[in-house]
Amino acid sequence: MPSFPPPGAVTICEINRDLVAADALSDARAKDAYGDVLGMVFAPIPFQPEALLPSREPAAPAADQVEPAETAPAPGLAATISEFFRRMVFPPLDPNLLEEFDTQKVSWNPYKHCLAFVSGKNQVTVQDFEDSDAKEPCILTSDHQTDVKAVEWRPNSGKMIAVACKGGICLWSASYPGNVPFMKPGITSSSSSAFPRGSGGQWILVDVLRGSSAELISALWLGTPIRRGLSNISLVRWSPSGDYLLAAKFDGTFHFWETNTWTSEPWSSSNGYVSGANWDPEGRVALLSFSNSTTLGSIHFSSKPPSLDAHLLPVELPEIFSLIVSRGIEKLAWDASGERLALSFKDGNEMYRGLIAVYDVRRSPLISLSLVGFIRGPGEGAKPLAFAFHSKFKQGPLLSVCWSSGWCCTYPLILRSH
């Protein structure tokens, strides 16, 4: 029987398919539920939810932008984000449309239990759960950083954060005594945020890469100079090994790229645009949700990279259609172990509105899902605005959710296998 949090309760964690709920958020209740098992507690973090709600500002014209040329880059070509900007331009996009898609607003450090998320219109919050002295999180703000859209830790490094905002991408770097990063001339030294007491470190804004709203978000995701067929991108997902890249567009089409020679295979959907996507741990299966459907699509690659031979199989979610009565999937996250899937849905009847559905995932070899239960956030009528799994939490899936009530909560999903 799926776990259902009663009205007025808040979810704390999962313990072997049982989603534990309490009357209110508290560190004491979290410690009782999972603190002794994990050796730590993930306290909720307050933020400004207006930053993650759709804006209604008119789109600014960009007459100097043109469609990219239909030519492929040289095989094996690599580039930094700055180089990407010099090579790639996009047509202007309506920012209201951009808000409907799943840009990266919650991001876990790839090497430690440190969370970064969009916490205000012009700010990003960084919380280090491993630092016992970090009672208060670091807040990254700067005059250069306005209308923040997305945040991402730099791959292969836990010391740099990229923040996509209105004017470009702000690059923040951790700075310690004796190990100060290079700061680009013209960036004000006042753009910094001190670490908790004792470490002597701080976050410093080291560079700002200029670009349009569509350009900057795509660059934050890609960092690769692909010029063919990548205008109007709504979502991008790398496979775990980096052999494949999924790029979805606003018009419902999407491409799978193999990254050896940068060859792509186009796909299309009759059920709306791709609203969410993730890869399995081996990078052989991609799981997609669509805006106008309650059925997921699992795309299975039949051969090893760089082959693009693949077939699409439906993954039914009968509870979303019959129990919740939803029109479609809003957001989707699949944990790195492949064992838990979290998704939010459009509308639904009043009893389930605003909840996150958690599924147990089996891959043998086809994808099958079993509903574990639902997560309810703090506050009356709270809705999930953004969520993501920690990619390398050894004790099991770890899900962080930013709720419309102004709290970012982290939920350990503790399984017997871990």
Side-chain angles (χ1 to χ4, degrees), residues 4-13 19 21-26 30 42-57 95-108 115-127 137 139 146-151 163-165 217 234-235 275-276 289 291 320 324-333 341-358 373-389 398-411 413:
F4 181 81
V10 292
T11 303
I12 303 295
C13 66
L19 285 163
D23 293 336
L25 292 175
S26 74
F42 297 95
I45 309 167
F47 73 101
Q48 303 168 22
E50 295 80 7
L52 303 185
L53 295 172
S55 63
R56 289 293 176 263
E57 297 177 3
N96 298 332
L97 180 63
L98 200 60
E99 288 287 349
E100 297 181 12
F101 296 91
D102 189 16
T103 56
Q104 184 79 16
K105 294 183 173 69
V106 180
S107 183
W108 279 96
L115 179 68
F117 65 95
V118 179
S119 58
K121 184 176 181 181
N122 305 322
Q123 70 181 40
V124 167
T125 291
V126 181
Q127 176 69 63
I139 308 295
T146 60
D147 196 12
V148 174
K149 299 295 184 184
V151 60
V163 179
C165 54
I217 290 180
S234 64
L235 177 148
S275 60
S289 61
S291 59
I320 300 295
I324 300 172
V325 196
S326 171
R327 294 186 296 111
I329 306 303
E330 202 166 56
K331 292 179 176 62
L332 173 150
L341 179 76
L343 56 85
S344 59
F345 37 85
K346 292 182 178 180
D347 302 325
N349 63 47
E350 187 173 352
M351 185 176 182
Y352 294 94
R353 194 168 297 168
L355 305 184
I356 291 178
V358 177
F374 299 90
I375 293 176
R376 187 188 298 279
E380 184 177 356
K383 297 179 180 180
L385 302 179
F387 52 88
F389 280 102
L398 187 68
L399 179 68
S400 291
V401 183
C402 290
W403 297 96
S404 60
S405 54
W407 291 98
C408 182
C409 302
T410 297
Y411 305 95
L413 309 181

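Since the model is a prediction, treat every value here as computed from it, not as a measurement.
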Response to the item:
Note: G120 and V148 closest approach over all heavy atoms is O-CB, 4.5 Å

Item to complete: Report yes if some heavy atom in the side chain of S400 is under 4.5 Å from a heavy atom in the side chain of W108; otherwise report no.
Response: yes

Discussion item. Distance check, rounded to the nearest 0.5 Å: C165 atom SG versus K149 atom NZ?
Written reply: 10.5 Å

Worksheet item: So, S291 and S275: side-chain donor and acceptor under 3.5 Å apart, yes or no?
Response: no

Discussion item. Would the distance check show the side chain of T11 and the main-chain N or O of C13 forming a donor-acceptor pair, the cut-off being under 3.5 Å?
Written reply: no

Worksheet entry | Side-chain donor/acceptor of T146 to backbone N/O of N122, under 3.5 Å | no

Worksheet item: CD1/I12 to CG/L25 distance, rounded to the nearest 0.5 angstrom?
Response: 6.0 Å

Practice prompt. For residues L343 and I320, determine if any side-chain heavy atom of one lies less than 4.5 Å from a side-chain heavy atom of the other.
Written response: yes

Worksheet, complete the sentence: Taking every heavy atom of F345 against every heavy atom of S326, the minimum-distance pair comes out as CB-OG, 3.4 Å

Kindly list each side-chain donor-acceptor pair under 3.5 angstrom involving residues 373-383, sequence neighbours excluded, with atom names and distances?
from: R376; atom 1: NE; to: P5; atom 2: O; distance (Å): 3.4
from: R376; atom 1: NE; to: P6; atom 2: O; distance (Å): 3.4
from: R376; atom 1: NH2; to: P5; atom 2: O; distance (Å): 2.9

Discussion item. Working to the nearest 0.5 angstrom, can you tell me the gap between F47 CZ and C402 SG?
Written reply: 4.5 Å

Worksheet item: With distance as the sole test, does S344 use its side chain to make a donor-acceptor pair with the main-chain N or O of K331 at under 3.5 Å?
Response: yes

Discussion item. Quick check: closest heavy atoms across R353 and D347, and the distance to 0.1 Å?
Written reply: CG-O, 3.8 Å

Worksheet item: How would you list, by chain and number, every residue that makes a side chain to side chain contact (heavy atoms under 4.5 Å, CB included) with A342, sequence neighbours excluded?
Response: I356, F387, F389, L399

Practice prompt. Going by the side-chain contact (heavy atoms from CB on, under 4.5 Å) test, name the single residue among C409, C408, P44 that passes it with W403.
Written response: C409

Response to the item:
Here the pair of heavy atoms bringing P49 nearest to L385 is O-CD1, 3.8 Å

Worksheet item: If you take all heavy atoms of T410 and L115, which pair is closest and at what distance?
Response: OG1-CD2, 4.3 Å

Item to complete: Please report the shortest heavy-atom distance between V10 and A24, naming the atom on each side.
Response: CG2-C, 3.6 Å

Worksheet, complete the sentence: D23 meets the side chain to side chain contact (heavy atoms under 4.5 Å, CB included) criterion, sequence neighbours left out, with none

Item to complete: State, yes or no, whether a side-chain contact exists between V358 and Y411 at a heavy-atom distance under 4.5 Å.
Response: no

